[in-house]
Amino acid sequence: MPLDAAGVHARLRDRFGEAIGDLAGTGRDASCSVEPARIAEVCQFLRTEPALRFDCLSNLSGVDYPKRNAIQVVYHLFSYPLRHWIVLKVDATRDDPVVPTVSDVWSAANWQEREVFDLLGVTFTGHPDLRRILMPEDWPGHPLRKDFVEPQEYHGIATSRESLLRT
Amino acid sequence: MSLINTAPEMALTARIDDLLNWTRKSSVWYMMFGLACCAIEMMQTGGPRADLERFGMAPRATPRVSDVIIVSGTLTLKMALRTKVLYDQMPDPKYVVSMGSCANCGGLFQLAYSVCDGVDKVIPVDVYVPGCPPRPEALTEGLVKLQEKIQQEKWLVRRSEPAGVRA
């Protein structure tokens, strides 16, 4: 029996209480915030609870919010057997973003967490192999952070090119 | 230059440079270096319609037996370092064809943090083929230009820096 987002949210509230924030948005965009330290636990519950059965992590991404000093990790979840959706959002502090891994809940999270680590610098505690996945190993910084400054050169390769059109 | 002159059938005269260059340009083996969508056009160029084999060009998957490397696609900074390694493995004399806007100057992705703005920042380029992506006809013309360049070389003189022929 599919649940709407409010139904999923109510079950999460029953189980985890104040660790779950209010529901925002509607339909497939309906989301709620989760306390960072409890995200792995919440995800495990969402996956195993017979009435929820979120067996698919559709997407795991990150957003940088410098103004409120937060890096947000976003989890898009879907249940194939029950056909319902929920979006979870976790705010980590920008200076030292640490979020527990969910790669032992959904193995699909493994590479996606590596991507968020690579591009935004979020450390996922308990991740089995937290290395950069897209950028070179020796790349300085995390390029999707708003305050990232592109290096002038990389291993002697200049990263800008003089334009023949602009004078 | 004419290899077969109008002298009696028994005799052929040619300069040694011309003769050697004629043989060299007739068996240019290219290393496939498909990095992005340009690779699709490169495959088409090697296919039956454009048919590079009629110029004696055969695709090779290793730099060690290749004469020319066709850099086709967006070159990231991570790949740029590997491109240099591959180019260094090619035996002299070796040539580079830069195929498409991305390989020429970074193209559409020039301002991206991860993209190398042109393969000529890493290895010397002989022929630039413009286009996004270039049609097989354009790449064929670029390779014919390369053949013309090979034909004009002085075999006993060490190859100088490429001037950059426009296809």
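So that the names make sense, note that chain A is the first sequence line, chain B the second, and so on, each numbered from 1.
The hydrophobic clustering, which links ILVMFWY residues whose side-chain heavy atoms are closer than 4.5 Å, places Trp29(B) and Leu143(B) apart. Hydrophobic clustering (ILVMFWY, side-chain heavy atoms < 4.5 Å, transitive): Met43(B) and Ile70(B) are in distinct clusters. In this structure, Val63(A) is not a member of the same hydrophobic cluster as Leu119(A), with clusters built from ILVMFWY side-chain heavy atoms closer than 4.5 Å. Hydrophobic clustering (side-chain heavy atoms under 4.5 Å, transitive across Ile, Leu, Val, Met, Phe, Trp, Tyr) keeps Phe109(B) apart from Tyr154(A). Linking Ile, Leu, Val, Met, Phe, Trp and Tyr whenever their side-chain heavy atoms come within less than 4.5 Å leaves Val115(B) and Leu81(B) in two separate clusters.
Along residues 123-145 of chain A, the residues that come nearer than 4.5 angstrom to chain B, judged on non-hydrogen atoms, are Ile133(A), Leu134(A), Met135(A), Pro136(A), Trp139(A), Pro143(A), Leu144(A) in order of number. Identified by a heavy-atom distance below 4.5 Å to chain B, contributing residues of residues 71-103 of chain A are lacking entirely.
Interatomic distance, Leu75(B) CG to Ile157(A) CD1, rounded to the nearest 0.5 Å: 7.5 Å.
At a 4.5 Å heavy-atom cutoff, the contact between Cys116(B) and chain A is made by side-chain atoms alone.
Nearest heavy-atom pair, Thr159(A) versus Asp117(B), reported as atom, atom and distance to 0.1 Å: O-OD2, 2.9 Å. Taking every heavy atom of both residues into account, Glu150(A) and Leu111(B) meet most closely at OE1-O, 4.3 Å.
By the 6.0 Å contact criterion, CZ on Arg64(B) is open, its count of non-hydrogen atoms from other residues, nucleotides or ligands being 12 or less. Taking a 6.0 Å sphere around CZ of Arg49(B), one finds it holds 12 or fewer heavy atoms contributed by other residues, nucleotides or ligands.
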